[in-house]
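The structure under discussion appears below in the form of structure tokens.
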Amino acid sequence: MPAHRVTLGVAGGIAAYKAAELARALMERDCAVQVVMTRAAEEFVRPLTFAALTGNKVITNLFAATGASEDTLSSAIEHIRVAQESDVLVVAPATTDILAKFAHGLADDFLSTTYLAFTGPVVLAPAMNTNMWNHPATQANLRTLRERGHVIVEPGSGPLACGMVGPGRLAEIDVIANAVLAALMPAPRDLQGETILITAGPTQEPLDPVRYITNRSSGKMGYALAADAHARGARVILVSGPVNIPAPSGVELISVRTAVEMRDAVIGHLPESTIIIKSAAVADYHRADVPQQKVKKSASHLTLDLEPTPDILAECGRQKGDRLLVGFAAETENLIEFARRKLESKNCDIVVANNVATVGTGFDANDNEVTLVLRSGENIHVAKAPKSEIAHRIFDQIVRLRLALHSAR
Ligand code: CTP
């Protein structure tokens, strides 16, 4: 008997054929796979393909059509049975249409009714044209689905079947299969009892009422850390600069704008925190006296007089006591050497070093590749992976350090 029962929803997109590979990848991971296809999906792949691969009949429509072929099965309550007998629901490819149906609770075919009847974890792997992906309607639906706790396996960027280049390509099959397995395995509750203070995103330092200086940062790494810490049982305080992504559910969000505001929020919550992670891209300089009025374009040159912002990480390092302190080092050269120097000078326990000169990782990207520089002298390389995976690996090390410190006492 396979260990897990997966319902694989296949919606109607060019990538529907890749769902066959996903079915196989899931079976290799000890899953029994029940495929549910939308009517549009049948235009791209024959149900028989999935029936032959999975050894299960494929469900294709809500109401039994007379003369339904042998490889289809349907009845008015079948969706309830499928929902009850599944451990996880994955939809790949998830089209913009199926995302909209799920987000709004429409139920006019087998897949959307099964979704509403299902109470377990849901994994959605979208694939569509770039403009459809970027459309505010799609993005709003994705926000709703994320807030509902569903896992969205972000599409990759590249040339699409429609000829456009951009986000919209179905994620790698192994990434989707691993996300399904991760959704099935409850996260270890190894951070229970910890209060974790995480900073994320950039800061904005005003130059006048309409202008500011900032750093490149999407906040994705810090938000992934917050989500993982919450899933592992911690209380999470997320101090965030301005970003365009929703806070993970269950975390306490404190929104700030400037480095000074971030410093005040961090130092204010330091006493109740046991672990501090500083992933924010704090601006190093600011204008101390911001003019009340907009600066007019009058002179041929403009020289800005900037002063350093408070170094929040260094201040945490001085006050940390037996708290665990994790800093980040974004570098373009001499990664490990600079990171180790930062570890020493800011009194950190770990510095997460990433090379921001690498294409496809770091700023704005969904993936990252980092080296964890530890006080023990170890350097642990974490190969390129989604930021959620990197976050998990960082916490694995934090938990390991915690255990070592406790047993040393
Ligand atoms: N940081 C901070 N307060 C600042 C600037 C940075 O707390 N005013 C933190 C960041 O959140 C990050 C770490 O310091 O955890 C590293 O930031 P980075 O800008 O890479 O290093 P700096 O110490 O500012 O040194 P440099 O820019 O010269 O590399």
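We count ligands from 1, going down the list as the structure has it; atoms in each ligand are counted the same way.
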*atom 15 (O) of ligand 1: which protein heavy atom is closest, and how many Å away?*
Lys278 O, 2.6 Å
*For ligand 1, which part of Arg263 has a heavy atom less than 4.0 Å away: the side chain, the backbone, both, or neither?*
neither
*Is a salt bridge present between Arg46 and Glu42, judged by a nitrogen-to-oxygen distance below 4.0 Å?*
no
_Pairs where residues 1-13 contributes a residue and the test side chain to side chain donor-acceptor pair (under 3.5 Å) is met, not counting sequence neighbours_ = Arg5-Asp87, Thr7-Ser86
*asked:* Please identify which of these residues, Thr258, Val260, Ile213, meets the side-chain contact (heavy atoms from CB on, under 4.5 Å) condition with His286.
replied: Val260
*Give the residue and atom name of whichever protein heavy atom lies nearest to atom 5 (C) of ligand 1, and the separation in Å to one decimal.*
Asp284 OD1, 3.2 Å
_For atom 3 (N) of ligand 1, what's the nearest protein heavy-atom neighbour? Residue, atom name and distance, please._
Ile312 N, 3.1 Å
*Kindly check if the number of other-residue, nucleotide or ligand heavy atoms within 6.0 Å of CD (Gln292) is above 12?*
no
_Qualifying residue for side-chain contact (heavy atoms from CB on, under 4.5 Å) with Gln34, from Leu8, Leu89, Ile59, Thr114_ = Ile59
*Specify whether the nearest protein heavy atom to atom 28 (O) of ligand 1 is under 4.0 angstrom away.*
no
_Can you name the atoms of ligand 1, numbered from 1 with element, that are less than 4.0 Å from a heavy atom of Gly327?_
15 (O)
*Please determine if Thr309 has a nitrogen or oxygen closer than 3.5 Å to a nitrogen or oxygen of ligand 1.*
yes
_atom 23 (O) of ligand 1 [closest protein heavy-atom partner, distance rounded to 0.1 Å]_ = Lys346 NZ, 2.4 Å
*What atoms of ligand 1 come within less than 4.0 Å of a heavy atom belonging to Leu313?*
2 (C), 7 (O), 9 (C), 13 (C), 14 (O), 15 (O)
*Identify the closest protein heavy atom to atom 18 (P) of ligand 1: which residue and atom is it, and at what distance?*
Lys342 NZ, 3.5 Å
*Listed partners of Asn141 passing side chain to side chain donor-acceptor pair (under 3.5 Å), at least two apart*: His104
_Under a 4.0 angstrom heavy-atom cut-off, which atoms of ligand 1 come close to Pro310?_
3 (N), 4 (C), 8 (N)
*Hey, do the aromatic rings of His150 and Tyr115 have their centres closer than 6.0 Å?*
yes
_Under a 4.0 Å threshold between the charged nitrogen and the carboxylate oxygen, would Lys342 count as salt-bridged to Glu331?_
yes
*Mind checking whether Ala259 has a heavy atom under 4.0 Å from ligand 1?*
no
_Closest protein heavy atom (residue, atom, distance) for atom 10 (C) of ligand 1_ = Ala280 O, 3.3 Å
_I'd like to know whether ligand 1 has Cys316 as a neighbour, heavy-atom separation below 4.0 Å._
no
_atom 1 (N) of ligand 1 - nearest protein heavy atom and its distance_ = Val282 CG2, 3.9 Å
_Closest approach of any protein heavy atom to atom 13 (C) of ligand 1, naming residue and atom_ = Phe328 O, 3.0 Å
*Checking salt bridge (Lys or Arg N to Asp or Glu O under 4.0 Å) for the pair Lys346/Asp311: CA distance, chi angles, key distance, verdict?*
CA-CA 9 Å; Lys346 313 260 171 113; Asp311 189 328; 2.9 Å; yes
*Electrostatic pair Glu205:Arg257 at N-O distance under 4.0 angstrom*: no
